[in-house]
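Below is one structure, written out as structure tokens; comments come after it.
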Amino acid sequence: MAIGAMTVLLLAAAASAATTRDAPKTTPPVSASVTTDRPESPTLVAVKRRGRLTRCIGSAGFAHTDNRGHARLDADFCRAMAAAILGDAEAVRFVPLSASDRFAALDEGRIDVLWRNSSWTMSRDAGEGFVFAGVNYYDGQGFLVRRSLSLNSATELNGARVCVQAGSTAQANADDFFRSRGIPYRPVVLPTEEAARDAYGREDCDALSADISALAASRAVLADSQAHTILSDVVSKEPLGPVVRAGDDRWADVVRWTLNAVILAEELGVTQGNVEAQAKDARDPRIRRLLGAEGDFGAMLGLSKTWAKDAVSAVGNYGEIFDRNLGSQSPLDLARGLNAQWNGRPPGLIYGLPIR
């Protein structure tokens, strides 16, 4: 609401206060009205009929499982979707795809949703016609180098061999960085993230360039992780998030609001451990709406009343997902940084949309 509009409302309320001072004070109930003239989501119908969600997996830290079988960041968000839709977080089939194949697989209907650390760009959104349903991780591209090179900045990579992954934004971003500064370099383009990492490990290149989160994951699995460092240069903005096919707006809503539910849960203090108690005892109407204790917002999505509660019960809130997969409880030990809540200390860019 604009400040001017808010001021008008406050003045109007003040002007009428004298005549309504003795009127009974009631709080209007919040209700969720379902729009019935919107077409049903064919993807949601297919997922419910199949009894399983099919999605893509991606890089270490975001989609692989560890040696105990625990899912990673993007996989956890997909498990949250399965819980919200089907009531079963394990009703997921993970489809491994390369960066160059991922969008074709989505377009051809081989996967229902693409959760694979994909950057939201204009060409993918407006040009190729895919729909990004939100941002689950704010990243940026950087450079991993060997400490023995004693480099302080990527601007010192004059004439260096730089490994990048084909089919990603990494090559274009690296080229923009070096070309804009007049620095010659030699790109070494590999078909997969693993191939690029292995080439760097064999010293076939002097630096590995990718999203900083991917570099942290790569460093963690190198033979001597302490022998490598991520330079301070951040050469791009990489808003990563889930992608769906265009033309199925209601399916995009399911993906968007499931992501938003776990973000909002963290903001409101709802955790995997207390979600059941909060659903029963919370007095905060925001929490009650989120967890299905008040209103039926799941009906707007074609889901149950407890869709968001089921998602949080399965995987926790955004902060729990982050800490487990990328943060202090993981080998990557990444700081929240831009991925802190908007009202955190220090604040980040993660912001829960209101459910009302």
Side-chain angles (χ1 to χ4, degrees), residues 55-64 72-74 77 96-107 111 113-145 154-155 157 160-181 183 185-200 205-219 230-246 326 334 337-339 349:
R55 52 85 62 183
C56 173
I57 67 171
S59 64
F62 279 78
H64 294 316
R72 298 293 181 90
L73 188 85
D74 281 343
F77 283 113
L97 293 168
S98 68
S100 55
D101 291 340
R102 55 186 161 166
F103 289 103
L106 178 64
D107 190 46
I111 56 176
V113 57
L114 175 61
W115 284 94
R116 192 198 184 283
N117 57 312
S118 301
S119 298
W120 191 343
T121 67
M122 184 174 181
S123 60
R124 289 171 175 170
D125 190 359
E128 299 175 26
F130 294 107
V131 175
F132 281 77
V135 176
N136 73 319
Y137 190 86
Y138 290 94
D139 211 340
Q141 187 167 325
F143 298 89
L144 180 69
V145 298
T155 58
L157 290 167
R161 301 163 300 162
V162 179
C163 280
V164 293
Q165 181 187 359
S168 69
T169 57
Q171 184 178 0
N173 289 335
D175 188 62
D176 283 350
F177 174 79
F178 290 112
R179 186 158 54 91
S180 66
R181 289 160 177 78
I183 302 172
Y185 85 109
R186 288 178 286 168
V188 181
V189 183
L190 285 306
T192 66
E193 179 182 312
E194 183 179 7
R197 182 180 67 241
D198 290 346
Y200 171 78
C205 51
D206 305 298
L208 174 62
S209 189
D211 292 349
I212 290 172
S213 59
L215 295 180
S218 293
R219 180 175 59 181
I230 299 173
L231 297 175
S232 60
D233 308 79
V234 180
V235 304
S236 72
K237 291 185 291 185
E238 304 297 333
L240 311 179
V243 194
V244 298
R245 289 178 291 278
L326 298 178
L334 292 176
L338 295 177
N339 297 290
L349 299 178

Would you say that [X] contacts [Y] through its side chain, given a criterion of any heavy-atom pair below 4.5 Å between the two side chains?
X: I230; Y: F143; value: no
X: V243; Y: L106; value: yes
X: V135; Y: L349; value: no
X: F130; Y: L114; value: no
X: T169; Y: S236; value: no
X: L190; Y: C163; value: yes

> In terms of the angle between their ring planes, are W120 and F132 parallel, tilted or perpendicular, with boundaries placed at 30° and 60°?
Replying inline: parallel

>> For S118 and R102, which I'm curious about, is there any donor-acceptor pair between the side chains at under 3.5 Å?
In response: yes

Is [X] reaching over with its side chain to a backbone N or O of [Y], donor-acceptor style, under 3.5 angstrom?
X: D139; Y: E238; result: no
X: D206; Y: A160; result: no
X: R124; Y: S119; result: yes

Rounded distance (nearest 0.5 Å) linking atom [atom1] of [X] with atom [atom2] of [Y]:
X: N136; Y: Y138; atom1: CG; atom2: OH; value: 9.5 Å
X: S168; Y: N173; atom1: OG; atom2: CG; value: 8.0 Å
X: L240; Y: N339; atom1: CG; atom2: CG; value: 8.5 Å
X: L97; Y: T192; atom1: CG; atom2: OG1; value: 13.0 Å
X: L334; Y: I212; atom1: CG; atom2: CD1; value: 9.0 Å
X: R197; Y: Q165; atom1: CZ; atom2: CD; value: 10.5 Å

> V162 and V188: side chain to side chain contact (heavy atoms under 4.5 Å, CB included), yes or no, with the steps?
Replying inline: CA-CA 6 Å; V162 179; V188 181; over 6 Å; no

>> The criterion is side-chain hydrogen bond (donor to acceptor under 3.5 Å, both in side chains); which residues satisfy it with S123, sequence neighbours excluded?
In response: T121

>> A104: which residues meet the side chain to side chain contact (heavy atoms under 4.5 Å, CB included) condition with it, sequence neighbours left out?
In response: E108, R110

[X] and [Y]: which non-hydrogen atoms are nearest, and at how many Å?
X: A170; Y: S209; answer: CB-O, 3.9 Å
X: A207; Y: V145; answer: CB-CG1, 3.7 Å
X: A154; Y: D233; answer: N-OD1, 2.8 Å
X: V113; Y: V244; answer: CG2-CG1, 4.0 Å

> Yes or no on side chain to side chain contact (heavy atoms under 4.5 Å, CB included) for W115 and L73, after CA distance, side-chain angles and deciding distance?
Replying inline: CA-CA 9 Å; W115 284 94; L73 188 85; over 6 Å; no

> Going through the distances and angles, do R245 and V131 end up as a side chain to side chain contact (heavy atoms under 4.5 Å, CB included)?
Replying inline: CA-CA 6 Å; R245 289 178 291 278; V131 175; over 6 Å; no

> So Q141 and V234, side chain to side chain contact (heavy atoms under 4.5 Å, CB included) or not? Walk me through it.
Replying inline: CA-CA 6 Å; Q141 187 167 325; V234 180; over 6 Å; no

> Under the salt bridge (Lys or Arg N to Asp or Glu O under 4.0 Å) rule, what pairs show up with a residue in residues 165-175, not counting sequence neighbours?
Replying inline: D175-R179

